[in-house]
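Residue numbering restarts at 1 for every chain, and letters A, B, ... go by the order of the sequence lines.
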Amino acid sequence: MLGPTFFSRSAEIVAPALLGCVIRRKLDDVWLGVLIVETEAYGLNDPASHAFLGRTPSREPMWMNPGTIYMYHSRGGASLNISCDSGPAAVLIKAGIPITDDISPTKALAVMHKNNPSPDKTIQRPTKRLCSGQALLCRALRLSVPEWSGKAFDRKRLYIEARAAPPPIIATARLGIRSDRDDGRQTRFIHGTLAHAATSDPRTRRASTPGIDYVELPPSTSL
DNA sequence: CCAAAGATGCGCT
DNA sequence: GCGCATCTTTGGG
């Protein structure tokens with residue numbers, strides 16, 4: 001289980017290091033498993049960070065011990081973040097892909113589909129789209145702001161497992177930030193071989209130039 | 001009231 | 001597959 005040591009580094013280091021790690025969430029005695037494929041870093045002196053808007057009770061987790069869960073609502077959905085550094089800083093878990101293995105049984109997929117049904121109830125979401133957004137992921141894992149914000153991870157109910165091997169990584173600009181609050185840093189990170197489950201892949205976009213709009217990084221064992 | 005680290009459907013290439 | 005309009009829910013000014 002990842003703990004304070006892992007999260008005590010800067011958000012810009014922690015965010016890419018989370019790609020490929022697995023979130024485990026126990027619901028009704030079933031362990032759900034989601035592999036992280038997309039994250040964003042909200043670091044120190046960052047005008048896009050919620051910390052920049054001021055210290056309030058709901059944002060307090062950004063100042064708490066590294067590894068503290070920070071959740072908030074935006075535009076109808078909840079978002080999962082984790083405090084980093086000595087604060088105020090956090091990483092946002094932006095997308096993941098459901099997995100099954102020794103810990104998470106096939107049944108876990110059915111639970112996630114039930115938690116996060118398609119708007120058109122006559123069909124099911126594709127499994128790879130079940131967690132392809134920060135609010136979708138929270139819905140599929142049934143993570144709510146009042147239950148989890150300000151709390152620590154808990155080996156019995158919710159934790160993040162270290163990854164087996166470091167993946168290739170794409171670094172690019174963050175999404176959904178008002179231009180007057182974005183200083184242009186490329187601190188959105190996408191799993192290089194599982195980008196099809198991310199919110200979007202800058203490599204397949206029309207107007208995007210390699211080396212300018214995004215950077216591809218080889219697997220780094222130092223992360 | 002209203003902006004906010006979004007999601008979706010629809011029309012288009 | 002993209003760009004845009006429209007719907008979303010909640011904490012905070």
Checklist line | Nucleotide nearest A/Ser58 (side chain, heavy atoms from C-beta), chosen from B/dG6, C/dG12, C/dC2 | finding: C/dG12
Notebook entry, point to check: Salt-bridged, A/Asp85 to A/Arg9, with N to O below 4.0 Å?
Noted result: no
Notebook entry, point to check: Roughly, in whole Å, what's the span from CD in A/Glu38 to C1' in B/dG6?
Noted result: 12 Å
Note to self: How many whole angstroms separate atom CG of A/Asn81 from atom P of B/dA4?
What the structure shows: 16 Å
Item checked: C/dG1 - base-pair partner by Watson-Crick or wobble geometry, distances under 3.5 Å -> B/dC12
Margin query: Output the rounded distance in Å from OH (A/Tyr72) to C1' (B/dG6).
Written below: 9 Å
Next item on the list: Using a cut-off of strictly less than 4.0 Å, decide whether A/Arg59 has a side-chain nitrogen or oxygen near OP1 or OP2 of C/dG12.
Entry: no
Notebook entry, point to check: Tracing side-chain links under 4.5 Å among I, L, V, M, F, W and Y, which residues wind up in one group with A/Trp63?
Noted result: A/Tyr42, A/Met62, A/Tyr70, A/Tyr72, A/Leu92, A/Ile177
Next item on the list: Would you please confirm or rule out a distance under 4.0 Å between OP1 or OP2 of B/dG6 and any side-chain N or O of A/Ser74?
Entry: no
Check: Do the charged groups of A/Asp101 and A/Arg24 touch, with an N to O distance under 4.0 Å?
Finding: yes
Next item on the list: Report yes if the side chains of A/Val34 and A/Leu32 come closer than 4.5 Å at any heavy-atom pair, otherwise no.
Entry: no
Notebook entry, point to check: With the threshold set at 4.0 Å, does a side-chain nitrogen-carboxylate oxygen contact exist between A/Asp28 and A/Lys114?
Noted result: no
Item checked: Side-chain cluster (under 4.5 Å, hydrophobic types only) that A/Val22 belongs to, other residues -> A/Leu35, A/Val37, A/Ile97, A/Ile99, A/Leu194
Notebook entry, point to check: Taking CG from A/Leu175 and P from C/dC2, how many angstroms apart are they, rounded to a whole number?
Noted result: 12 Å
Notebook entry, point to check: A/Gly77 near the nucleic acid: base, sugar-phosphate alone, or nothing, with a heavy-atom cut-off under 4.0 Å?
Noted result: nothing
Notebook entry, point to check: What does nucleotides 7-13 of chain B look like as a protein-contact string, B for base, S for sugar-phosphate only, - for none, at under 4.0 angstrom between heavy atoms?
Noted result: SSS----
Note to self: With a 4.0 Å cut-off on N to O distance, would you call A/Glu161 and A/Arg155 a salt bridge?
What the structure shows: no
Notebook entry, point to check: Whole-Å distance between B/dA4 C1' and A/Arg178 CZ?
Noted result: 9 Å
Next item on the list: Quick one: label A/Ala48 by what it contacts on the DNA or RNA (base, sugar-phosphate, nothing), any heavy atom closer than 4.0 Å.
Entry: base
Next item on the list: Starting from P on C/dT9, measure out to CE on A/Met71 and report it in whole angstrom.
Entry: 16 Å
Margin query: Between P on B/dG6 and CZ on A/Arg129, what's the gap in Å once rounded to a whole number?
Written below: 15 Å
Check: Starting at CZ of A/Arg174 and ending at C1' of B/dG6, how long is that distance when rounded to a whole Å?
Finding: 16 Å
